[in-house]
Asks: 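I have a structure here, written as structure tokens, and I will follow up with some questions on it.
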There are 2 protein chains.
Amino acid sequence: MDEPLPPLSALRAFEAAARHLSFTRAATELGMTQAAVSYQIKILEERVGAPLFLRLPRRLTLTETGERLAPGMIEAFQLIRQTFSASRQKAQTVLTISVVQSFAAKWLVDHIGEFQLNFPNIAVRFDVSQDLIDFNRSEVDVAIRSGKGDWPGLVSHLLIRADFAPMLAPSLAGEVREPADLLKLHRIGPNDPWWHLWFAAAGVGEVPGQSGPELVVDSQFLEGNLALAGRGVAMLTPAFYRRELEAGWLVQPFPLVCAGSFGYWLVYPHARRNAPQIRAFRDWIVGRAPAVPDVGPNGIVVPVTR
Amino acid sequence: MDEPLPPLSALRAFEAAARHLSFTRAATELGMTQAAVSYQIKILEERVGAPLFLRLPRRLTLTETGERLAPGMIEAFQLIRQTFSASRQKAQTVLTISVVQSFAAKWLVDHIGEFQLNFPNIAVRFDVSQDLIDFNRSEVDVAIRSGKGDWPGLVSHLLIRADFAPMLAPSLAGEVREPADLLKLHRIGPNDPWWHLWFAAAGVGEVPGQSGPELVVDSQFLEGNLALAGRGVAMLTPAFYRRELEAGWLVQPFPLVCAGSFGYWLVYPHARRNAPQIRAFRDWIVGRAPAVPDVGPNGIVVPVTR
DNA sequence: ATTTGTCATAAGCCCTCTTTATGGGAGGTA
DNA sequence: TACCTCCCATAAAGAGGGCTTATGACAAAT
């Protein structure tokens with residue numbers, strides 16, 4: 001390890017020239033001119049302290065020294081080429097997605113199959129977590145996170161805007177005639193600012209506070225489950241609960257949907273924007289997930305400024 | 001072979017960094033700054049399409065991709081280092097000398113042993129031939145040739161000036177009292193211009209031509225042998241026949257020695273002037289062979305212009 | 001004798017790589 | 001908590017290596 005390495009570009013030229021026994025052909029292979037190869041070989045010969053080739057009239061021969069050097073170099077470069085291309089191919093066939101629970105459970109599970117059908121040679125690996133991971137410290141390729149799309153150094157694509165409307169189990173929906181009726185029910189995630197915003201948009205002035213356990217972690221997913229279980233009314237994103245609504249497991253009693261000020265974003269490091277598996281996933285999901293979700297036949301979307 | 005190689009300097013940086021798991025230490029080993037290593041790794045990561053290291057707080061870890069790349073690269077670079085240093089060491093331990101017969105037989109055999117004692121790890125290989133070899137087309141390191149030292153592209157050191165004087169076997173020397181007596185004997189190499197020059201210096205005007213077989217190849221060596229065999233008188237370089245003269249096998253009847261207009265030179269390509277085995281041989285032989293030879297107690301050297 | 005194939009050399013320019021300088025993040029420590 | 005230190009990232013700027021173009025030489029092939 002103490003010996004300084006010889007000039008590598010010279011070795012590359014030598015390796016090619018030794019295989020072809022021709023500077024001209026080596027140059028062609030390396031995509032450079034014959035003069036450049038000649039120059040590099042000269043450099044190397046000076047470093048080695050002996051000629052590496054015999055320049056015979058119309059052909060090139062390795063000297064003894066060259067003969068001693070060539071096999072090792074050819075092997076070494078072959079190893080480099082193999083290792084490199086193998087690792088690159090492998091790197092392209094695995095896509096690790098860090099994603100928040102709600103999006104994973106409510107959207108991705110229904111659609112990821114299509115991606116995998118379209119790209120059968122890309123293996124998808126999920127990493128479900130709540131925090132915005134640090135791409136420097138994990139082996140995640142892309143992440144799907146909720147927020148406003150203002151992450152420095154990352155490319156962001158809005159997938160679904162986080163609109164919201166109250167939903168509840170059908171067993172609780174009987175008493176609900178007008179928005180104010182919701183206040184009689186247990187509110188899931190009572191401290192969520194969405195309640196204030198939605199009631200304001202619905203014309204209900206007073207929203208009394210409500211005591212109870214606070215849920216902070218990924219509200220959507222857990223709150224949706226509680227609502228499904230009939231534990232109260234929750235403020236959910238319709239696009240995520242399309243299936244439950246259609247099946248009648250959940251009821252959205254009022255068509256009023258507030259436009260969320262944040263959304264779910266696909267993000268990845270700018271430096272890796274051209275990695276094949278990232279391109280494939282981005283192109284697919286951006287075309288697949290409408291940024292402004294279809295709220296259904298009875299949706300009324302009201303923009304809300306927070 | 002079709003895949004273009006990745007940037008080699010980036011690989012070199014990666015290889016060192018992968019061994020040390022530290023950009024800083026890798027930089028130290030490579031004799032550059034930490035910033036340069038960081039830059040190179042970044043380049044490589046873009047080429048590969050995936051991060052190679054995880055930048056954890058106070059330590060560095062290889063990613064899966066890096067882990068896949070590292071062993072091959074370390075092995076390849078080790079092979080390069082080994083092959084290179086081995087070939088260079090071997091190249092330095094063999095010295096091939098192309099030399100003319102006369103110098104080889106008459107001077108080198110008596111002295112080369114000393115060189116080999118002084119440099120026991122340099123293996124000497126001789127290539128005895130008459131023509132001035134083309135260093136581009138043979139694996140000769142240095143050559144010893146007769147001439148005037150005016151070879152373009154080559155470094156020349158005068159080893160021994162080709163002085164000359166007539167010599168003959170003692171059996172023939174009885175009749176010889178004055179230079180003109182030599183004309184009665186058979187002259188070996190009769191067309192050699194040295195005859196005219198020497199007789200002119202000796203004050204003998206007429207030198208009649210002489211018929212007989214012509215000898216052209218390396219005159220010194222063959223002519224000396226013929227003279228030793230008592231076949232006539234030859235024009236020889238005293239420095240080459242010191243031993244024969246001292247032993248009485250040859251006689252130099254007159255102290256008059258003409259200074260030759262050419263000599264024996266050590267030559268080698270300028271580009272290789274610093275190759276260790278060439279330096280060693282040059283330094284030794286230049287100090288060993290006096291360019292203007294000692295002509296002995298009874299030598300009178302007369303400069304001759306051709 | 002001319003053409004062709006191959007390598008060497010000179011001159012010049014550009015781009016890569018390096019260094020310098022600086023900042024940020026997270027442990028370790030008082 | 002505050003500070004210090006270790007380590008990597010980044011920006012800017014400079015230098016030099018390495019490439020290209022152009023030309024020449026040499027010898028074999030035509």
Asks: Mind calculating the distance between CZ (R59(B)) and C1' (dT5(D)) to the nearest angstrom?
Replies: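 Atom-to-atom, R59(B) to dT5(D), this comes out as 18 Å.
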Asks: Write out a two-atom table: protein N or O, nucleotide N or O from nucleotides 18-27 of chain D, distance below 3.5 Å.
Replies:
unit_1  : atom_1 : unit_2  : atom_2 : d
dG18(D) : OP1    : S9(A)   : OG     : 3.3
dC19(D) : OP2    : Q40(A)  : NE2    : 2.7
dT20(D) : OP2    : T33(A)  : N      : 2.7
dT20(D) : OP2    : T33(A)  : OG1    : 2.8
dA27(D) : OP1    : R137(B) : NH2    : 3.3

Asks: NE2 of H20(B) versus P of dC8(D): gap in Å, rounded?
Replies: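 Interatomic distance, NE2 of H20(B) to P of dC8(D): 12 Å.
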Asks: Output the rounded distance in Å from CZ (R25(B)) to P (dC6(D)).
Replies: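 Rounded to the whole Å, the gap is 13 Å.
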Asks: Between S98(B) and R145(B), is any side-chain donor less than 3.5 angstrom from a side-chain acceptor?
Replies: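 Looking only at side-chain atoms, R145(B) and S98(B) do form a donor-acceptor pair, the distance falling under 3.5 Å.
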Asks: Using a heavy-atom cut-off of 4.0 Å to chain B, what are the terminal contacting nucleotides of DNA chain C, in 5' to 3' order?
Replies: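 So the outermost contacting nucleotides come out as dC17(C) to dG27(C).
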Asks: Find out whether L11(A) and L8(B) are in side-chain contact, i.e. whether some heavy atom of one side chain is under 4.5 Å from a heavy atom of the other.
Replies: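 No - every pair of side-chain heavy atoms lies 4.5 Å or more apart.
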Asks: For residues R137(A) and L54(B), determine if any side-chain heavy atom of one lies less than 4.5 Å from a side-chain heavy atom of the other.
Replies: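 No, too far: nothing below the 4.5 Å cut-off.
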Asks: Can you name the residues that form a side-chain hydrogen bond (donor to acceptor under 3.5 Å, both in side chains) with T93(B), not counting sequence neighbours?
Replies: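 Partners of T93(B) under the side-chain hydrogen bond (donor to acceptor under 3.5 Å, both in side chains) test: none.
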Asks: Test F14(B) against every option in I43(B), I74(B), I41(B), V37(B) by the side-chain contact (heavy atoms from CB on, under 4.5 Å) rule and name the one that passes.
Replies: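 Testing each of I43(B), I74(B), I41(B), V37(B) against F14(B), the sole residue satisfying side-chain contact (heavy atoms from CB on, under 4.5 Å) is I41(B).
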Asks: Could you walk me through whether F262(A) and D150(A) satisfy the side-chain contact (heavy atoms from CB on, under 4.5 Å) test, starting with their C-alpha distance in whole Å, then the side-chain angles of each, then the deciding distance to 0.1 Å, before giving a yes or no?
Replies: CA-CA 10 Å; F262(A) 69 90; D150(A) 50 356; over 6 Å; no
Asks: Would one find a side-chain N or O of T24(B) under 4.0 angstrom from OP1 or OP2 of dC7(D)?
Replies: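 Indeed not, no polar side-chain atom of T24(B) lies that close.
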Asks: Out of the candidates V124(A), V142(A), D141(A), only one should pair with Q277(A) under the side-chain contact (heavy atoms from CB on, under 4.5 Å) rule; please name it.
Replies: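 Among the candidates, only D141(A) passes.
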Asks: To the nearest 10°, give me the bend of the helix from dA1(C)-dT30(D) to dA30(C)-dT1(D), comparing the axes of its five terminal pairs at either end.
Replies: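 Angle reported: 30°, given to the nearest ten degrees.
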Asks: Check the distance between dA9(D)'s P and L54(B)'s CG and give it to me in whole angstrom.
Replies: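 That distance rounds to 11 Å.
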Asks: Look only at the side chain of R81(A) and the backbone of L5(B), and say whether a donor-acceptor pair between them is shorter than 3.5 Å.
Replies: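 Looks like no, no N/O pair under 3.5 Å.
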Asks: Tell me which pairs pass salt bridge (charged side-chain N to carboxylate O under 4.0 Å, His left out) where either residue lies in residues 60-76 of chain B, with sequence neighbours left out.
Replies: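 Non-adjacent pairs meeting salt bridge (charged side-chain N to carboxylate O under 4.0 Å, His left out): R125(A)-E64(B), E64(B)-R68(B).
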Asks: Could you pull out all residues at least two apart from R25(A) that satisfy salt bridge (charged side-chain N to carboxylate O under 4.0 Å, His left out)?
Replies: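 Residues passing salt bridge (charged side-chain N to carboxylate O under 4.0 Å, His left out) with R25(A): none at all.
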Asks: Test H157(B) against every option in W265(B), W284(B), Y268(B) by the ring-ring contact (aromatic ring centres under 6.0 Å, His included) rule and name the one that passes.
Replies: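 The residue from W265(B), W284(B), Y268(B) that satisfies ring-ring contact (aromatic ring centres under 6.0 Å, His included) with H157(B) turns out to be Y268(B).
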